Structures are given as structure tokens and as C-alpha cells.
Amino acid sequence: YTGDAHYMTAVGLSRAGRYAEAIAHHQAVVDNWPEHHLAWSSLYWIGDFYQKLKRQGLLSAAEADAKSEEAFFALLDNYPECSLVGHTLGRLGSLKYDAREFKQAVVYYEMFLEQEKKEGQAYNLVLYKLGRSYEHMGKYSRAKELLTEFMTVSDSANPLRKAVKAILEKYNQINLN
């Protein structure tokens, strides 16, 4: 096998839903060919596939989250100029948000906003989760600002709009500035 062969094998295995095997091939790229032109991509997919194994019930949340974080941090540390830095920051934010570690989520989501274009579904979801994170931290003015921006930029069909509208109405009733 070469780095390209491992990478393409991982792609095929992941398309077949064989994520554990795909992880092994992506890990081979990272371990044996760290300068490979897609090693950074392998790290991202390793982190992603651990989350898929968690959702399938094949790994505990703690184990999957730890392994995903490890892969995502390795991507940020070793490939800081790659095109997936922003998405990786968003994924780290989501791991922390889902674990209700809102202060940590805020750090990664704010970094995401600095990295990414202010458009698209990922941007909208980060605005929502970042606003909710600030809300959980008791920072209602910042939460309101982000959720208002979410309402401005998100598509009218976005299913989160109804919830955000209700939150903003609640903020307005309590005269939140």
C-alpha cells in the first residue's frame, strides 16, 4: 500500500459504512505519510468517523469524543493552513456544546467565526449554538446579538428559526439590551 492507496481504500470503506476499517486506513496515512497531500483530510475523517461509530452505538460517547478530539487537535496542530481548519473548530465546538461544556464551546465557535465565511449552513448552526452557549453561561446580551444575526442570515425554511424567534421574544419581554 501507498498513502494514496490507503486514502482511497478508506474512502471506499466509509462509503460502505465500514467506519472502523476506514479509520485504520486513514490512520495509516497519518502515521506513515504525514507529509501526504491528504494527511490533514485523513485526520478530519478520523474524527468524523469516531462520531459515526458513537451514533451507531459501537463506541461509548466518552471514547468516541476523546478520539475525535485527538484527531481534530492533531489536524489543527500539524496542518494549521489546511482548508478544514474552520470546520474542525466547528466540530470541536459541537463536541463541547453536546457535552454541555459551554465555555469551551464558545472558544471554538468564536475561532470558527474568525476563520470561516459568514454564510452557509455551518455558519448558521454555529451562530445558533454559540448564541445558546452564551445563554447557558448567563451572557444574554451576546446571546441575543448572535441569535438576531442567525435570524438575519438563515434561510426562512431553517427549522431552528421557530425556536430562535421564541427565545428572542422572551428576551424582548424582559427588556434585554
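Keep in mind the model is a prediction, meaning the values are calculated, not measured.
The number of heavy-atom neighbours closer than 6.0 Å to NZ of K54, taken from other residues, nucleotides and ligands shown, is above 12. Counted within 6.0 Å of CE on M8, heavy atoms from surrounding residues, nucleotides or ligands total 12 or fewer; the atom is thus considered open.
For Y50, there are no ring pair (Phe, Tyr, Trp, His ring centres under 6.0 Å) partners two or more places apart in sequence or in a different chain. Residues that satisfy the side chain to side chain contact (heavy atoms under 4.5 Å, CB included) test with R55, not counting sequence neighbours, are Q51, K52. Partners of Y97 by ring pair (Phe, Tyr, Trp, His ring centres under 6.0 Å), not counting sequence neighbours, listed by chain and number: F102. Here S154 pairs with R161 under the side-chain hydrogen bond (donor to acceptor under 3.5 Å, both in side chains) rule; sequence neighbours left out. Looking at residues two or more places apart in sequence or on another chain, you find a side chain to side chain contact (heavy atoms under 4.5 Å, CB included) between E101 and K96, A99, Q104. Every residue two or more places apart in sequence or in another chain that forms a ring pair (Phe, Tyr, Trp, His ring centres under 6.0 Å) with Y44 is listed here: F72. Among residues two or more places apart in sequence or in another chain, the salt bridge (charged side-chain N to carboxylate O under 4.0 Å, His left out) test is passed with E21 by R18. Every residue meeting the side chain to side chain contact (heavy atoms under 4.5 Å, CB included) condition with A22, not counting sequence neighbours, appears here in chain and number order: A10, L13, S14, F49. A search for side chain to side chain contact (heavy atoms under 4.5 Å, CB included) contacts involving A5 returns Y1, T2, not counting sequence neighbours.
Residues V29 and L38 are not in side-chain contact: their nearest non-hydrogen atoms beyond the backbone lie 4.5 Å or more apart. Using a 4.5 Å heavy-atom cutoff, the side chains of W40 and V85 are not in contact. By the 4.5 Å heavy-atom criterion applied to side chains, L53 and E63 are not counted as neighbours. Here the side chains of L75 and I46 are not in contact, with every heavy-atom distance at 4.5 Å or above. Contact of the K103 side chain with the V107 side chain is not registered, since no non-hydrogen atoms from C-beta on lie closer than 4.5 Å. In this structure, D98 and D65 have side chains that are not in contact, with every pair of non-hydrogen atoms separated by 4.5 Å or more. Under the 4.5 Å side-chain criterion, counting only non-hydrogen atoms from C-beta, N158 is in contact with F150. Counting heavy atoms from C-beta outward, L125 and L160 have side chains that approach closer than 4.5 Å.
Applying the ring-ring contact (aromatic ring centres under 6.0 Å, His included) test to residues at least two apart or on different chains, none of the pairs has a partner in residues 107-126. Within the structure, salt bridge (charged side-chain N to carboxylate O under 4.0 Å, His left out) pairs that include any residue of residues 110-125 comprise E110-R142 (at least two apart or interchain). The stretch residues 78-89 participates, sequence neighbours left out, in no side-chain hydrogen bond (donor to acceptor under 3.5 Å, both in side chains) pair at all.
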With salt bridge (Lys or Arg N to Asp or Glu O under 4.0 Å) as the criterion, how do E70 and K67 come out once you've worked through the C-alpha distance, each side chain's angles and the decisive distance to 0.1 Å?
CA-CA 5 Å; E70 181 182 341; K67 289 181 179 288; 5.7 Å; no
Start with the C-alpha distance between Y7 and H25, add both sets of side-chain angles, then the distance that settles side-chain contact (heavy atoms from CB on, under 4.5 Å), and finish with yes or no.
CA-CA 6 Å; Y7 189 90; H25 283 278; over 6 Å; no
Begin with the C-alpha distance, continue with both residues' side-chain angles, and end with the deciding distance and a verdict on side-chain contact (heavy atoms from CB on, under 4.5 Å) for Y134 and E145.
CA-CA 10 Å; Y134 276 114; E145 176 186 330; over 6 Å; no
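Residues A74 and L43 approach most closely at C-CD1, 3.8 Å, considering heavy atoms. Between G3 and H36, the shortest heavy-atom contact is C-NE2, 3.6 Å. Contact record, P34 with A39: O-CB, 3.6 Å, taken as the closest heavy-atom pair. Here the closest heavy-atom approach between residue L127 and residue L147 is recorded as O-CD2, 4.3 Å. The nearest pair of heavy atoms linking Q115 to G86 is CB-CA, 4.0 Å. Of all the heavy atoms in G131 and A143, the pair that sits closest is O-CB, 3.2 Å.
Atom OH in Y171 sits 9.5 Å away from atom NZ in K144 (nearest 0.5 Å). Rounded to the nearest 0.5 Å, atoms CG (L130) and CD (E149) are 9.5 Å apart. Of the inter-residue distances, the one linking S68 atom OG with D48 atom CG reads 7.5 Å to the nearest 0.5 angstrom. One finds the CD atom of Q27 at 9.5 Å from the CG atom of N32 (value rounded to the nearest 0.5 Å). Between Y140 atom OH and I174 atom CD1 the span is 7.5 Å, to the nearest 0.5 Å. With rounding to the nearest 0.5 Å, the separation of CG in L146 from NZ in K139 is 12.0 Å.
Cluster membership for W33 and L84, using ILVMFWY side-chain heavy atoms within less than 4.5 angstrom, is not shared.
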